[in-house]
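Working notes, structure below.
So you know, we letter chains A, B, ... as the sequences are listed, proteins then strands, and number each from 1.
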Amino acid sequence: MSTAPEVRIPTDEELQRITRRAVIEIIPEQEFIQALKSGRQLRLKMGFDPSRPDMHIGHAIGLRKLRQLQDLGHQVVVIVGDWTGRIGDPSGQSQTRPMLTEEEVEANAETYLRQVYRIVDREKTEVLVQSSWFDRFDLEDVIRLSACFTVAQMLRREDFAQRYESHRPIGLHEFMYPLLQAYDSVEVRADVEFGGSDQRFNLLLGRELQEMMGQRPQSVFIMPLLVGTDGVQKMSKSLNNYIAVEDPPGEMYGKVMSIPDTLILNYFTLATDVPDAELQEISEALEKRSVNPMELKMRLAREIVAQFYDAAAAQEAEEGFRRTFSKRQAPEDLVTEYRVSFSDSAKKFNRPVLDVGGVRMVESLYLPKVLVEAGMVPSVSEAKRLIKQGAIDIDGDVHTSEIFALIDGLLFRVGKRRFLRIVDADKQADSSLRSE
RNA sequence: GCAGGGGUGGGUGAGCGGCUAAAACCGACAGACUGUAAAUCUGUUGCCUGAAAUGGCUACGCAGGUUCGAAUCCUGCCCCCUGCACCA
């Protein structure tokens with residue numbers, strides 16, 4: 001009943017792209033290349049942690065790789081790591097995480113997969129939930145699995161070794177994380193597993209375990225971690241230096257523009273499909289300073305936005321970006337709208353709703369609170385500081401007062417790239433009533 | 001189990017009865033300069049009070065106590081580190 005899957009053998013050029021670009025190491029490389037050339041359909045495994053469903057363009061590096069292979073006809077297998085997610089990947093700092101409920105896992109998995117499918121083909125993707133095999137594990141299975149490895153083997157993992165050396169604690173349960181991940185490979189009969197360089201140990205453990213269990217050991221595909229927009233640390237949500245896959249185009253474009261120049265080539269290499277020949281040109285241009293790096297960065301930003309949206313969106317984002325800093329206008333997708341009822345405010349502060357030349361307005365509202373309520377700033381104190389520092393302007397004029405006249409459509413610029421528009425809720429209500 | 005050292009703001013880390021919302025450094029944010037880059041300079045960096053305060057509230061592992069007053073002293077507890085002991 002299963003028809004032989006259509007698998008295409010990559011051309012040398014494609015092979016080059018798959019095995020060289022955005023790759024740190026393939027173990028063992030020759031075995032992997034042979035497998036690709038064999039015409040056999042490979043099962044490509046990549047796992048994710050459902051406790052953190054937000055995906056950024058660093059994750060996209062791996063997914064892009066999967067997509068390349070998927071286009072050749074190979075089978076992508078995505079694992080929802082609901083059990084490993086509960087343990088938390090041993091990173092030294094991370095304490096045991098609270099157990100996620102089934103609903104949380106489901107919800108997170110759903111949002112995550114939605115993002116995954118922006119890159120890989122949903123039709124050709126198999127999704128498996130870890131608990132579907134670990135739920136039936138009993139103590140004997142756990143012990144049997146643990147017995148496959150020794151403490152010495154575990155200590156090959158660098159962060160364990162470091163902590164052991166410096167006498168910092170290592171929870172026994174932390175050993176379970178790589179073990180479970182390794183067992184996943186057995187369960188799904190993976191031919192290749194993909195992961196970032198921080199996953200190296202876990203990936204290799206999967207390979208070993210498969211062999212012990214009589215399976216053909218998986219190849220391991222290790223990819224670089226993308227550096228975040230700060231240019232120093234790896235991209236991560238908790239460090240707030242990330243570009244989310246679901247960022248709106250303008251936001252995405254702007255974030256790319258904010259990366260340091262030193263990262264331009266790196267981003268082109270890892271996050272775009274710009275051909276190698278052009279990478280070479282870009283590299284030379286940067287070195288010789290023959291082009292304003294900003295121009296290259298704009299190209300980069302276009303490439304990235306187009307990848308997650310389309311060329312038109314990229315173009316639009318670029319125009320928005322230009323307007324933002326040359327003409328100081330706000331690009332629409334960076335504007336937060338704050339809806340206030342003018343009549344309620346008027347009542348609250350005992351001010352009349354005025355009509356000045358057809359513009360409805362209320363005399364005064366307290367700006368710090370509005371900023372907090374609109375979610376632009378975490379506290380009133382913070383908002384006051386911003387005002388004091390001249391970080392807020394209306395139409396290019398710095399707004400130094402904590403009080404402002406409530407006008408429908410009033411647009412504040414907060415800092416460099418945040419915008420707040422005041423919208424008259426009454427008016428909206430009126431018009432929506434009228435239109436019905 | 002015994003002995004010694006330690007737990008301070010996003011991080012590192014000073015303070016060791018009032019001058020401490022807590023040095024310094026890093027980070028972060030804002031401003032100037034720019035290309036929303038880098039570098040540099042300046043400012044801000046617990047929260048609240050609809051100007052502000054020598055105003056209020058919260059904060060130095062947790063819970064009590066001494067004191068006019070405690071991050072600082074005392075008691076108990078928890079956790080971490082180092083050494084010794086124990087080790088089927």
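Pair check for C2(B) finds G83(B); Watson-Crick or G-U wobble, both atom distances under 3.5 Å. Using the Watson-Crick or G-U wobble rule with both distances under 3.5 Å, U40(B) pairs with A32(B). Base pairing annotation: A59(B) forms no Watson-Crick or G-U wobble pair, as no partner gives both donor-acceptor distances under 3.5 Å. With a cut-off of 3.5 Å on both pairing distances, G69(B) has no Watson-Crick or G-U wobble partner at all. Taking a pair to require two hydrogen-bonding distances under 3.5 Å in either a Watson-Crick or a G-U wobble arrangement, A51(B) remains unpaired. For U45(B), the paired nucleotide is G27(B), the pair qualifying as Watson-Crick or G-U wobble because both relevant distances are below 3.5 Å.
Here A37(B) presents its C1' atom at 19 Å from CZ of Arg299(A), a figure rounded to the nearest Å. Here the C1' atom of nucleotide A37(B) and the CG atom of Asn266(A) are 15 Å apart, to the nearest Å. One atom, CG of Leu296(A), and another, C1' of G35(B), lie 12 Å apart when rounded to the nearest Å. Across the protein-nucleic acid pair, Leu263(A) atom CG and G35(B) atom C1' stand 16 Å apart, rounded to whole Å. Distance Asp230(A) CG to G10(B) P: 20 Å, rounded to the nearest Å. Note: CD1 (Ile264(A)) to P (A37(B)) measures 12 Å, nearest angstrom. We find that CG of Leu334(A) is positioned 11 Å from C1' of U36(B), with the value rounded to whole Å. What separates CD of Glu382(A) from P of G9(B) is a distance of 19 Å, to the nearest Å.
With hydrogens and angles left out, the side chain of Gln389(A) and the base of G43(B) share a donor-acceptor pair within 3.5 Å.
In this structure, Lys45(A) is not positioned above the aromatic face of Phe221(A) in the sense of NZ or CZ being under 6.0 Å from the six-membered ring centre and within 45° of the axis.
One finds a side-chain N or O of Lys384(A) lying less than 4.0 angstrom from the OP1 or OP2 phosphate oxygen of A52(B). OP1 or OP2 of C48(B) has at least one side-chain nitrogen or oxygen of Ser379(A) nearer than 4.0 Å. Taking side-chain N and O atoms only, Lys369(A) has a distance below 4.0 Å to OP1 or OP2 of U49(B). OP1 or OP2 of C47(B) has at least one side-chain nitrogen or oxygen of Arg385(A) nearer than 4.0 Å. At the phosphate of A37(B), neither OP1 nor OP2 sits under 4.0 Å from any side-chain N or O atom of Ser258(A).
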Trace of the side chain to side chain donor-acceptor pair (under 3.5 Å) decision for Gln199(A) with Glu193(A): CA-CA 10 Å; Gln199(A) 289 284 306; Glu193(A) 180 166 4; over 6 Å; no
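G31(B) and C79(B) are spaced 48 Å apart, taking the P atom of each and rounding to whole Å. Nucleotides G10(B) and U44(B) have their C1' atoms positioned 16 Å apart, rounded to a whole Å. As rounded to the nearest Å, G83(B) and U75(B) have C1' atoms that lie 27 Å from one another. For the C1' atom pair drawn from U12(B) and A22(B), the interatomic distance equals 16 Å after rounding to whole Å. C16(B) and U49(B) have their P atoms separated by 35 Å, given to the nearest Å. For U20(B) and A38(B), the C1' atoms lie 38 Å apart once the distance is rounded to whole Å. Separation of the P atoms belonging to A52(B) and G46(B) is 16 Å when rounded to the nearest angstrom. Taking atom C1' on both G17(B) and A24(B), the two are 23 Å apart, rounded to the nearest angstrom.
Atoms CG and CG, from Asp393(A) and Leu411(A) in turn, are 9.0 Å apart once rounded to the nearest 0.5 Å. Separation of atoms OG (Ser341(A)) and NZ (Lys347(A)) is listed at 7.5 Å; rounding is to 0.5 Å.
For Phe149(A) and Phe175(A), the ring centers sit 6.0 Å or farther from each other.
Between C48(B), U36(B), G35(B), one nucleotide has an atom nearer to the side chain of Asn292(A) than all others, and that is G35(B). Of the listed nucleotides (A38(B), A30(B), G35(B)), A38(B) has the atom at the smallest distance from the side chain of Pro260(A). Each of A30(B), C47(B), U36(B) was ranked by its minimum atom distance to the side chain of Thr324(A); first place goes to U36(B). Comparing G35(B), U36(B), C29(B) by their nearest atom to the side chain of Leu386(A) picks out C29(B). For Ser381(A), whose side chain is taken as the heavy atoms from C-beta onward, the closest listed nucleotide among U36(B), C48(B), G31(B) is C48(B).
Across the interface with RNA chain B, nearest-nucleotide mapping of Glu402(A) and Tyr253(A) shows Tyr253(A) to be the residue nearer the 5′ end. Each of Val372(A) and Thr262(A) has a nearest nucleotide on RNA chain B; the 5'-most of these lies closest to Thr262(A).
Between Phe137(A) and Tyr183(A), the ring-plane angle classifies as perpendicular under the 30° and 60° cut-offs. Using the six-membered ring where Trp is involved, Phe412(A) and His399(A) have ring planes that are perpendicular, over 60° apart on the 30 and 60° scheme.
Salt-bridge check for Arg17(A) with Asp273(A): passed, with a basic side-chain N closer than 4.0 Å to an acidic carboxylate O.
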